[in-house]
Amino acid sequence: MHLLDLLAPARIAAGARLSSKKRLLEHLAHLLAEGDAGREAALYDSLCQRERLGSTGLGHGVAIPHGRSPALSVATGAFVRLAEPVEFGASDGEPVDLVFALAVPEHFTQQHLVLLAQLAEMFADEAFRARLRAGADAEALYRLVADWRPGHSAAA
């Protein structure tokens with residue numbers, strides 16, 4: 001599964017203005033739920049439950065909040081680039097501005113780990129992070145993620 005399979009343009013936000021980690025998780029749950037209020041609440045709870053185990057902030061301004069939910073039948077993702085970074089409890093102490101949320105059905109175990117590994121690989125690339133931060137809008141961010149492949153960074 002390619003990361004692009006998780007996204008839709010409507011689940012990407014560029015320049016979002018959110019004041020805290022809590023507001024960010026609420027926004028991500030909203031994007032992931034695509035208008036389903038019951039699913040949104042379940043996804044928010046799942047993301048928060050995972051964060052209570054330890055921050056999903058990777059460092060370098062990146063976080064990958066994730067969780068499992070019985071409200072889902074397929075894996076889904078949302079990507080947000082914040083206008084101003086927010087404190088996220090990352091191990092390097094840096095606030096985050098690039099956030100990819102991943103929500104998967106409860107039965108996803110190995111697939112969940114594979115997707116997280118792909119996200120970690122994608123965000124480990126400093127040049128790719130810079131391109132994401134420079135992307136003009138949500139459409140440009142979508143294209144960058146679409147062009148990224150495991151094993152090498154997306155074209156400049």
Side-chain angles (χ1 to χ4, degrees), residues 1-91 94-109 111-120 122-123 128-129 131-148 154:
M1 174 179 275
H2 185 277
L3 294 175
L4 189 62
D5 297 334
L6 302 172
L7 285 177
R11 291 194 307 271
I12 297 177
R17 297 190 179 281
L18 302 162
S19 59
S20 67
K21 181 177 183 176
K22 180 181 186 230
R23 295 289 177 245
L24 174 58
L25 293 174
E26 288 171 345
H27 186 66
L28 291 165
H30 177 75
L31 291 173
L32 290 166
E34 297 181 305
D36 182 324
R39 185 179 298 157
E40 184 174 335
L43 292 171
Y44 175 72
D45 288 345
S46 177
L47 294 173
C48 288
Q49 183 178 24
R50 172 56 188 85
E51 287 301 317
R52 282 191 288 278
L53 296 175
S55 176
T56 56
L58 299 180
H60 304 288
V62 174
I64 306 174
H66 56 279
R68 294 183 185 163
S69 175
L72 295 175
S73 59
V74 297
T76 188
F79 179 70
V80 173
R81 185 187 67 212
L82 296 167
E84 298 292 328
V86 298
E87 178 54 44
F88 209 84
S91 60
E94 295 295 320
V96 303
D97 64 337
L98 299 175
V99 184
F100 194 113
L102 174 64
V104 300
E106 282 193 322
H107 68 276
F108 270 42
T109 52
Q111 300 97 322
H112 187 184
L113 297 175
V114 168
L115 291 168
L116 288 171
Q118 286 181 9
L119 287 165
M122 180 176 76
F123 286 119
F128 187 71
R129 291 192 312 266
R131 288 192 295 278
L132 287 171
R133 289 184 171 114
D137 53 25
E139 184 178 323
L141 297 176
Y142 185 79
R143 282 193 311 269
L144 284 167
V145 174
D147 290 343
W148 184 84

A.B. asks: Measure from the side-chain N and O atoms of Arg50 to the backbone N and O of Pro65, and report whether any donor-acceptor pair falls under 3.5 Å.
C.D. replies: no
A.B. asks: Might you point out which heavy atoms bring Leu28 and Ala101 nearest each other, and give the distance in Å?
C.D. replies: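 Heavy-atom minimum between the residues: CD2-CB, 3.8 Å.
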A.B. asks: To check you understand the geometry: which heavy-atom pair defines the closest contact between Leu115 and Ala75, and what is its length?
C.D. replies: CD1-CB, 4.1 Å
A.B. asks: Side chain of Thr76, backbone of Ala103: donor and acceptor closer than 3.5 Å?
C.D. replies: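 Not a single qualifying donor-acceptor pair exists.
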A.B. asks: Shortest non-hydrogen contact from Ala13 to Ala16?
C.D. replies: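 That closest heavy-atom pairing would be CB-CB, 4.4 Å.
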A.B. asks: Could you state the interatomic distance from CZ (Arg17) to NE2 (His27), rounded to the nearest 0.5 Å?
C.D. replies: 12.5 Å
A.B. asks: Considering only residues two or more places apart or on different chains, which pairs with a residue in residues 74-88 satisfy salt bridge (Lys or Arg N to Asp or Glu O under 4.0 Å)?
C.D. replies: none
A.B. asks: Looking only at non-hydrogen atoms, find the nearest pair between Ala138 and Ala14 and report the distance.
C.D. replies: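 Heavy atoms of Ala138 and Ala14 come nearest at N-CB, 3.6 Å.
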A.B. asks: Which heavy-atom pair separates Ser69 from Ala42 by the least distance, and what is that distance?
C.D. replies: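 It is OG-CB, 4.0 Å.
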A.B. asks: Rounded to the nearest 0.5 Å, what's the gap from CZ on Phe88 to CG on Leu82? Could you check?
C.D. replies: 9.5 Å
A.B. asks: Answer yes or no: is there a donor N or O on one side and an acceptor on the other, between the side chain of His66 and the main chain of Ile64, under 3.5 Å?
C.D. replies: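 Present.
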A.B. asks: Using modelled atom types and a 3.5 Å cut-off, is there a donor and acceptor pairing between side-chain atoms of Thr56 and backbone atoms of Ala63?
C.D. replies: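 Pair absent, no side-chain N/O of Thr56 close to backbone of Ala63.
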A.B. asks: Working to the nearest 0.5 angstrom, can you tell me the gap between His107 NE2 and Leu72 CG?
C.D. replies: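 It comes to 10.0 Å.
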A.B. asks: Working to the nearest 0.5 Å, report the span between CG of Leu141 and CZ of Phe100.
C.D. replies: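 The distance works out to 11.5 Å.
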A.B. asks: Under the 3.5 angstrom rule, does the side chain of Arg11 hit a backbone N or O of Leu6 as a donor-acceptor pair?
C.D. replies: yes
A.B. asks: Do Glu40 and Leu43 come close enough that some side-chain heavy atom pair is under 4.5 Å?
C.D. replies: no
A.B. asks: Would you give the length of the straight line joining atom CD of Glu139 to atom CG of Leu144, rounded to the nearest 0.5 angstrom?
C.D. replies: 11.0 Å
A.B. asks: Rounded to the nearest 0.5 Å, how far does CG of Leu25 lie from NZ of Lys21?
C.D. replies: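 Reported to 0.5 Å precision, the distance equals 6.5 Å.
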A.B. asks: Between Arg129 and Phe123, is there a donor-acceptor pair closer than 3.5 Å when you use the side chain of the first and the backbone of the second?
C.D. replies: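 Such a contact is found between Arg129 side chain and Phe123 backbone.
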A.B. asks: Nearest heavy-atom pair of Ser20 and Val86: which atoms, and what distance?
C.D. replies: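 Minimum heavy-atom contact is N-CG1, 4.0 Å.
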A.B. asks: Do Leu98 and Phe79 touch side chain to side chain, with heavy atoms closer than 4.5 Å?
C.D. replies: yes
